[in-house]
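The block underneath contains the structure these notes are about, expressed in structure tokens.
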Amino acid sequence: MIASIAFFVGFTGFLPQFLPPEKAAGFQVPYRIAKTQHIIVKARINGSAPLNFVIDTGAPAFFIAEEAAKKAGLKPDEKGWALIDELRFEGTLRAQKVKARIETPFQLKGINGLTLAGMELHGLIGYSVLAKYEIHIDAKKDYMTWTPLDWIPPDPQGFGGSGKKNSQGASLEFLGSFMQGLGGLSGAKAGQPSNIRGFTGLVLEEKNEKVLVASVFLESPAGLAGVQIGDELIKFGDTDLHGLPEANLKLRAIAAPDSIELTIKRKNTIHKFNFKTVFGL
Amino acid sequence: MKIILATIVHLVGISTLLTGAETHQATMEVLKTGHLRIQVTINGNGPYPLIFDTGAPVNLLSNKIGKEANIKRKPGRSGLTFMGPIGEADIASLEWGGAKVEHVPTMIMDHPTVKTLADHLGPIEGIVGFPFFAKFAITINYQKKMVTLEPNGFIPGDLMKNSMGLIFKKQNQPIQPPSEQVIGLIFSPQIDRKTHGLVIEKILAGSLAEKSGFKTGDTLVAINQRWVNDHAGLFQVLGEQWVKGSVIVEISRENVLQELKLNKPVGATP
């Protein structure tokens, strides 16, 4: 990702200092490939909740989106920079005194606006951090290997530009905002809580063309409501059930937490059970 | 202009050191902004100065190179935007430092950011990103100004082809756990403020979770060193890591970190 470099000025001093390597082989840094084909690592800033960053040789510095920086308690100086005491990557790599640019790259606005990546992206890790390591990336593995290098990379230079408005093209800034707007229209929003399958504690099976409760834990939502092993499942809410695949589809479609009504046949008597699903597995 | 280009090509060189049967060492130029400029041969033409960008999900080439290197545009896949003409194309062959790939998708457009970079840093005609480099295990070394590339058999998806699918794909089913078997862990809807992990509200008696040593009040922090900081993340990480067999779950119990082994349940559905 080519990040905003035109107003990239004032990167002076505070070179990141890194801990010596644990092993000569380097650190394993877990990563994922986002749906947008970005390489994403998770890192915590001064103990913050994990944030998602793009590994980006096209960015001159470490960029953190303004909102994420605020949540992590980072306050930029008047030039837009902040110093992170500890940057802790997923895995074992930790870096101390890392300088970051607090600014939301326009590309992230677009990607997050449309929830394209399948996760919210909080920033870009670029040259000023990457150059400190030899970095091995293999899309067939779920971790990279970062080996600290014994050198101090030169500070990246900006090429001028004044103040906070960049000269690289208002059109790109516009594009980012435009895509963000599009996301708003489609009802998708970045960073909202995910829709998680609700836990009931039920496992179903099919016998003699009947959908039966194969197992149910006593203390699970279904168990506490009174559902028992061997009960025949007849209705899910208002829907009559025909076969196990349909019943399992219905089970998968309930979120957590949500209300559920099961109609059950037990020894020729019909019972109705109402309960709430929970977060669990 | 041509003279400048030629000079730069000579300065940077396209020195290819073959270290193994299929391991290539390619040189790169670290620009003052920290960007990486590489020299790439396209359809036997060039080399052309491009930016090597791990953050670019697509390749991008200027209209000039599109013409010069005879890149075939995909019929019906081009148009005019507020940024100028734009088109999708297929590069028959793309080579950097001896590492060669055939049929690489690219965008053809004069991107304003690329132009700004070129105005300040000298010739830059586009960006090489994921559709090329993901086909190799790569090792980037800024100090040596080298990238080692070794074919890894990975087949990157075509983002341009899939992008509309990404936007309009409906999510009509909640995120599913990696197994339909009951593990026996019930979580609080809240995330622990200190560890950012998931608070275990209840362990079901007689369950796999109980047998594995989990206790009510534990906070689940990580699985095989992958952080778990929301419920969707738990399903995702567990699904990814169970592929390798049993997993090591890091929990926080009374503020002390501990590890528990959790087997994949029999009959688990991926």
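Residue numbers begin at 1 in each chain, while the letters A, B, ... track the order of the sequences.
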> Which atom pair, heavy atoms only, marks the closest approach of A:Ala253 to B:Pro174?
Replying inline: O-CG, 3.5 Å

> How close do A:Gly47 and B:His196 get, heavy atom to heavy atom, and via which atoms?
Replying inline: O-NE2, 3.0 Å

> Side chain, backbone, both or neither: which part of A:Asp150 has a non-hydrogen atom closer than 4.5 Å to chain B?
Replying inline: backbone

>> If we define contacts as heavy-atom pairs under 4.5 Å, which of B:Ala222, B:Gly233, B:Gly153 has the most with chain A?
In response: B:Gly153

>> Does any backbone or side-chain atom of B:Val128 lie under 4.5 Å from a heavy atom of chain A? Answer side chain, backbone, both or neither.
In response: neither

>> If you count every heavy atom of other residues, nucleotides or ligands that lies below 6.0 Å from B:Lys135 atom NZ, does the total exceed 12?
In response: yes

>> Which heavy atom of A:Glu90 sits nearest to which heavy atom of B:Trp227, and what is that distance?
In response: OE2-N, 2.5 Å

> Rounded to the nearest 0.5 Å, how far does CG of B:Leu234 lie from CZ of A:Phe279?
Replying inline: 11.5 Å

>> Quick check: do B:Ile140 and A:Thr57 have side-chain heavy atoms less than 4.5 Å from each other?
In response: yes

> With only heavy atoms counted, which part of B:Glu150 is less than 4.5 Å from chain A, the side chain, the backbone, both or neither?
Replying inline: neither

> Does any heavy atom of chain B fall under 4.5 Å from the side chain of A:Leu249, the backbone, both, or neither of them?
Replying inline: side chain

> Where is the tightest heavy-atom contact between B:Ile203 and A:Glu219, given as atom of each residue plus distance?
Replying inline: O-OE1, 4.0 Å

> Distance-only, no hydrogens or angles: does the A:Gln37 side chain make a donor-acceptor pair with backbone N or O of B:Pro131 under 3.5 Å?
Replying inline: no

> Pick from B:Gln176, B:Gln225, B:Lys115: which one has the most heavy-atom pairs with chain A under 4.5 Å?
Replying inline: B:Gln176

> Is it true that atom NZ of B:Lys202 has more than 12 heavy atoms of other residues, nucleotides or ligands lying nearer than 6.0 Å?
Replying inline: yes

>> Report which part of B:Glu250 has an atom under 4.5 Å of a heavy atom belonging to chain A: side chain, backbone, both, or neither.
In response: neither

> Tell me, do A:Leu251 and B:Glu180 make a side-chain contact under 4.5 Å, heavy atoms counted?
Replying inline: no

> For A:Ile40, is it the side chain, the backbone, both, or neither that has a heavy atom closer than 4.5 Å to a heavy atom of chain B?
Replying inline: neither

> At a heavy-atom separation under 4.5 Å, does B:Asn152 approach chain A through its side chain, its backbone, both, or neither?
Replying inline: both

> What part of A:Arg32 gets closer than 4.5 Å to chain B, counting heavy atoms only: side chain, backbone, both or neither?
Replying inline: side chain

> With a 4.5 Å heavy-atom cut-off, do A:Tyr143 and B:Arg226 have their side chains touching?
Replying inline: yes

> Who wins among B:Asn141, B:Leu31, B:Ile200 for the most heavy-atom pairs under 4.5 Å with chain A?
Replying inline: B:Asn141

> In terms of heavy-atom pairs under 4.5 Å with chain A, which of B:Ile183, B:Ile138, B:Ile186, B:Val182 leads?
Replying inline: B:Ile138

>> Does any part of the side chain of A:Glu134, heavy atoms only, come nearer than 4.5 Å to the side chain of B:Thr139, both counted from C-beta?
In response: yes

> Do you know the tightest heavy-atom contact between A:Pro156 and B:Gly34?
Replying inline: CB-N, 4.4 Å

> Aromatic ring centroids of A:Tyr127 and B:Tyr142 under 6.0 Å?
Replying inline: yes

>> Heavy-atom cut-off 4.5 Å, strictly under: side chain, backbone, both or neither for B:Phe133 against chain A?
In response: side chain

> Is it the backbone or the side chain of B:Lys244 that comes under 4.5 Å from a heavy atom of chain A, or both, or neither?
Replying inline: side chain

>> So which residue, A:Leu130, A:Val203, A:Leu218, ends up with the most heavy-atom pairs under 4.5 Å with chain B?
In response: A:Leu130

> If every non-hydrogen atom of B:Pro177 is compared with every non-hydrogen atom of A:Arg197, which pair is closest and at what distance?
Replying inline: CG-CZ, 3.4 Å

>> Between B:Ser207 and chain A, with a heavy-atom cut-off of 4.5 Å, which part of the residue counts as in contact: side chain, backbone, both or neither?
In response: both

> Under a 4.5 Å cut-off applied to non-hydrogen side-chain atoms, are B:Ile175 and A:Asn195 in contact?
Replying inline: no

> Is the closest side-chain heavy-atom distance between B:Phe154 and A:Asp138 below 4.5 Å?
Replying inline: no

>> If you count heavy-atom pairs within less than 4.5 Å of chain B, which of A:Pro50, A:Ala255, A:Pro30 leads?
In response: A:Pro50

> Which atoms of A:Ser48 come close to chain B, meaning under 4.5 Å heavy atom to heavy atom: side chain ones, backbone ones, both, or neither?
Replying inline: backbone

> Is the side chain of B:Thr54 donor-acceptor paired with the backbone N or O of A:Ile55 at a distance under 3.5 Å, no angle test?
Replying inline: yes

>> Under a 4.5 Å cutoff for heavy-atom pairs, which residue among B:Gln143, B:Glu201, B:His231, B:Lys144 has the most contacts with chain A?
In response: B:Gln143

> Relative to chain B, which segment of A:Ile33 carries a heavy atom at a distance below 4.5 Å: side chain, backbone, both, or neither?
Replying inline: side chain

> Do A:Ile196 and B:Phe187 have side-chain heavy atoms sitting under 4.5 Å apart?
Replying inline: no

> Side chain, backbone, both or neither: which part of A:Ile137 has a non-hydrogen atom closer than 4.5 Å to chain B?
Replying inline: both

>> If I measure from the heavy atoms of chain A, does B:Val147 come under 4.5 Å with its side chain, its backbone, both, or neither?
In response: neither

>> Using heavy-atom distances under 4.5 Å, tell me whether B:Leu208 contacts chain A through its side chain, its backbone, both, or neither.
In response: neither

